[in-house]
2 protein chains.
Amino acid sequence: MDTPRDHLRDLFRAAGRRLTAQRRLVLEVLEASTEHLDAETLYERARVHDPNISLATVYRTLAVLKEMGLVEEHRLGEGHSHYESVRGGPHYHFICQGCGRVIEFDTPLVAQIEQELRDREGVLVLGAHLHLSGYCAQCQQTMHQQEEANRQ
Amino acid sequence: MDTPRDHLRDLFRAAGRRLTAQRRLVLEVLEASTEHLDAETLYERARVHDPNISLATVYRTLAVLKEMGLVEEHRLGEGHSHYESVRGGPHYHFICQGCGRVIEFDTPLVAQIEQELRDREGVLVLGAHLHLSGYCAQCQQTMHQQEEANRQ
DNA sequence: CCGTTATTGCGAATAATTCGCAGTAGCGGG
DNA sequence: CCCGCTACTGCGAATTATTCGCAATAACGG
Ligand SMILES: [Mn+2]
Ligand SMILES: [Mn+2]
Ligand SMILES: [Zn+2]
Ligand SMILES: [Zn+2]
């Protein structure tokens with residue numbers, strides 16, 4: 001019988017890589033989080049379990065996990081990247097410019113767009129990042145209230 | 001009668017900013033290009049016309065132009081940003097992982113996705129970046145040929 | 001248990017972008 | 001056309017994010 005850990009090791013072996021404690025840890029931290037973590041935060045959380053892990057290893061591990069398709073990298077408008085483990089199907093992101101909140105959503109229309117582009121240009125689509133930005137319902141409220149306050 | 005230059009100055013004045021020679025130049029370089037330029041390339045091209053312009057000013061100008069909605073910033077998978085002037089309607093990007101070629105395309109489906117999200121979450125959508133990646137028709141060909149060669 | 005070598009930790013290096021500051025120049029008003 | 005205010009610029013240094021070089025370590029196939 002296969003434990004999940006064995007399965008993960010097989011994934012690494014198939015990719016000609018070794019499953020190290022650090023790599024397992026980084027992946028665990030990512031899988032334990034519902035947020036999109038940046039490298040520094042990931043590093044801090046990993047250090048709780050392994051105080052010796054280095055930031056360089058976190059970056060190197062993220063690159064490996066990304067290459068293996070276990071992790072996705074996102075640019076959420078800040079000067080650095082955020083990461084999340086690949087769970088279910090693909091999904092997309094809305095980022096509020098006011099509070100930074102990220103709303104995840106899915107839609108079959110992206111697949112439809114991919115299909116269109118494949119037909120029209122003959123490209124092979126492997127990844128799709130849709131990144132909407134603006135203001136969440138809450139921040140719109142806040143802004144309206146501020147406008148009223150200013151008018152007084 | 002309004003010359004385009006006057007119009008541009010009005011845009012800046014309305015934003016409480018000054019229209020400087022450097023800003024006009026950076027915008028001209030961007031508008032003269034069909035590609036997505038990075039800051040360094042933009043800097044080099046601007047220096048042809050104004051050898052004294054500084055890289056810091058290029059970055060500061062890009063920030064201003066972006067804020068004014070005249071320029072868009074893109075992350076095309078490299079470690080730095082690319083910029084393009086905002087011309088007609090919105091459009092989206094496919095980046096080939098093989099050759100780096102960027103294919104621009106448009107589709108009403110993105111607006112439809114925005115609409116859906118607005119209805120479902122009450123958000124105000126101000127920007128949409130759709131970034132597909134994979135292999136262009138040409139690079140797929142090249143890859144297939146290499147596979148055959150390897151099989152010999 | 002061994003040997004090979006992929007991987008790690010560390011600190012230094014790089015790349016991209018931003019900042020601080022003193023000097024310059026855009027532009028509204030007279 | 002000239003002035004004055006202050007936004008903007010060039011310069012070099014500082015920051016931030018990420019990558020590298022290298023010697024020591026540990027994964028794992030045999
Ligand atoms: Mn997500
Ligand atoms: Mn474009
Ligand atoms: Zn918000
Ligand atoms: Zn290509």
Side-chain angles (χ1 to χ4, degrees), chain A residues 3 5-27 29 36-44 46-68 70-71 73-83, chain B residues 3 5-27 29 36-44 46-68 70-71 73-83:
Chain A
T3 72
R5 175 171 299 179
D6 287 339
H7 176 247
L8 193 59
R9 174 140 56 209
D10 289 345
L11 273 183
F12 276 83
R13 182 168 38 198
R17 327 203 83 124
R18 295 176 184 177
L19 176 55
T20 66
Q22 292 91 336
R23 287 176 177 175
R24 217 180 301 133
L25 175 55
V26 168
L27 193 53
V29 170
H36 301 81
L37 305 177
D38 58 34
E40 198 65 41
T41 306
L42 194 37
Y43 175 47
E44 279 167 26
R47 261 201 298 188
V48 173
H49 299 275
D50 174 1
N52 290 321
I53 194 170
S54 78
L55 182 56
T57 292
V58 169
Y59 275 109
R60 282 185 293 226
T61 299
L62 286 170
V64 167
L65 294 175
K66 203 173 61 163
E67 203 178 297
M68 294 175 64
L70 299 176
V71 158
E73 180 178 8
H74 296 289
R75 283 273 162 182
L76 300 177
E78 296 178 77
H80 54 262
S81 291
H82 289 248
Y83 302 85
Chain B
T3 71
R5 174 170 301 179
D6 286 340
H7 177 245
L8 192 58
R9 171 142 52 209
D10 289 345
L11 272 183
F12 275 82
R13 183 169 37 200
R17 328 202 83 122
R18 295 177 184 175
L19 176 55
T20 67
Q22 292 91 334
R23 288 175 176 176
R24 216 179 302 132
L25 175 56
V26 167
L27 192 54
V29 170
H36 302 81
L37 304 177
D38 57 35
E40 197 66 40
T41 306
L42 193 38
Y43 175 46
E44 279 166 27
R47 260 200 300 187
V48 173
H49 298 275
D50 174 0
N52 291 321
I53 194 171
S54 79
L55 182 56
T57 292
V58 169
Y59 274 109
R60 282 185 292 227
T61 299
L62 286 170
V64 167
L65 294 176
K66 204 173 60 160
E67 204 179 297
M68 294 175 65
L70 300 176
V71 158
E73 180 179 7
H74 297 289
R75 283 273 161 182
L76 301 177
E78 296 179 77
H80 54 262
S81 290
H82 288 248
Y83 301 85

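Below, each value reflects all heavy atoms present in this structure, side chains not excepted, and no hydrogens, waters or symmetry copies. Chain letters run A, B, ... following the sequence lines, proteins first, then strands; residues in each count from 1.
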Mind listing the closest non-hydrogen atom pair of A:Ala39 and A:Leu55 along with its distance? O-CD1, 4.1 Å

If you round to the nearest 0.5 Å, how far is CD1 of B:Ile53 from CZ of B:Arg23? 11.0 Å

Separation between CG of B:Leu37 and CD of B:Glu44, rounded to the nearest 0.5 Å: 10.5 Å

Specify the separation, in whole Å, of atom CD of B:Glu40 and atom P of C:dT18. 14 Å

Check against side chain to side chain contact (heavy atoms under 4.5 Å, CB included), B:Val71 and B:Val26: CA-CA 10 Å; B:Val71 158; B:Val26 167; over 6 Å; no

Are any of the side-chain heavy atoms of A:Thr57 and A:Thr20 separated by less than 4.5 Å? no

For B:Asp38 and C:dA16, give me the distance from atom CG to atom C1', rounded to whole Å. 10 Å

Let me have a per-nucleotide readout for nucleotides 20-30 of chain C, 5' to 3', with B, S or -, counting only protein heavy atoms under 4.0 Å. B----BBSS--

First contact, last contact: which nucleotides of DNA chain D are these for chain A, 5' to 3', heavy-atom distance under 4.0 Å? D:dA17 to D:dG29

In terms of the nearest nucleotide of DNA chain C, which residue is placed more toward the 5' end: B:Gly79 or A:Pro51? A:Pro51

Check whether the side chains of A:Glu73 and A:Ser81 place a donor and an acceptor atom closer than 3.5 Å, and report yes or no. yes

Expressed as a whole number of angstroms, how long is the span from A:Leu55:CG to C:dA12:P? 15 Å

For A:Asn52 and C:dT7, give me the distance from atom CG to atom C1', rounded to whole Å. 15 Å

Under 4.0 Å: is that the gap between some side-chain N or O of A:Ser54 and OP1 or OP2 of C:dT8? no

Reported NE2-to-CG distance for the pair A:His7 and A:Leu19, which is rounded to 0.5 angstrom: 12.0 Å

Drop me the distance from A:Arg18's CZ to A:Arg13's CZ, to the nearest 0.5 angstrom. 12.5 Å

Could you state the interatomic distance from OH (A:Tyr83) to NE2 (A:His74), rounded to the nearest 0.5 Å? 11.0 Å

B:Arg17 vs B:Met68, test: side chain to side chain contact (heavy atoms under 4.5 Å, CB included). Steps then yes/no. CA-CA 10 Å; B:Arg17 328 202 83 122; B:Met68 294 175 65; 4.2 Å; yes

Could you give the distance from CG (A:Asp38) to CG (A:Leu62), rounded to the nearest 0.5 Å? 10.0 Å

With each end axis built from five pairs of C1' atoms, what bend angle do you get for the helix from C:dC1-D:dG30 to C:dG30-D:dC1? Round to 10°. 50°

Rounded interatomic separation in angstrom, taking CG from A:Leu25 and P from C:dT8: 11 Å

Measure the distance from CZ on A:Arg47 to P on C:dT8 and round it to the nearest whole Å. 17 Å

Base, sugar-phosphate, or nothing for B:Arg75, non-hydrogen atoms under 4.0 angstrom? sugar-phosphate

Does C:dT17 have OP1 or OP2 sitting under 4.0 Å from an N or O in the side chain of B:Ser81? yes

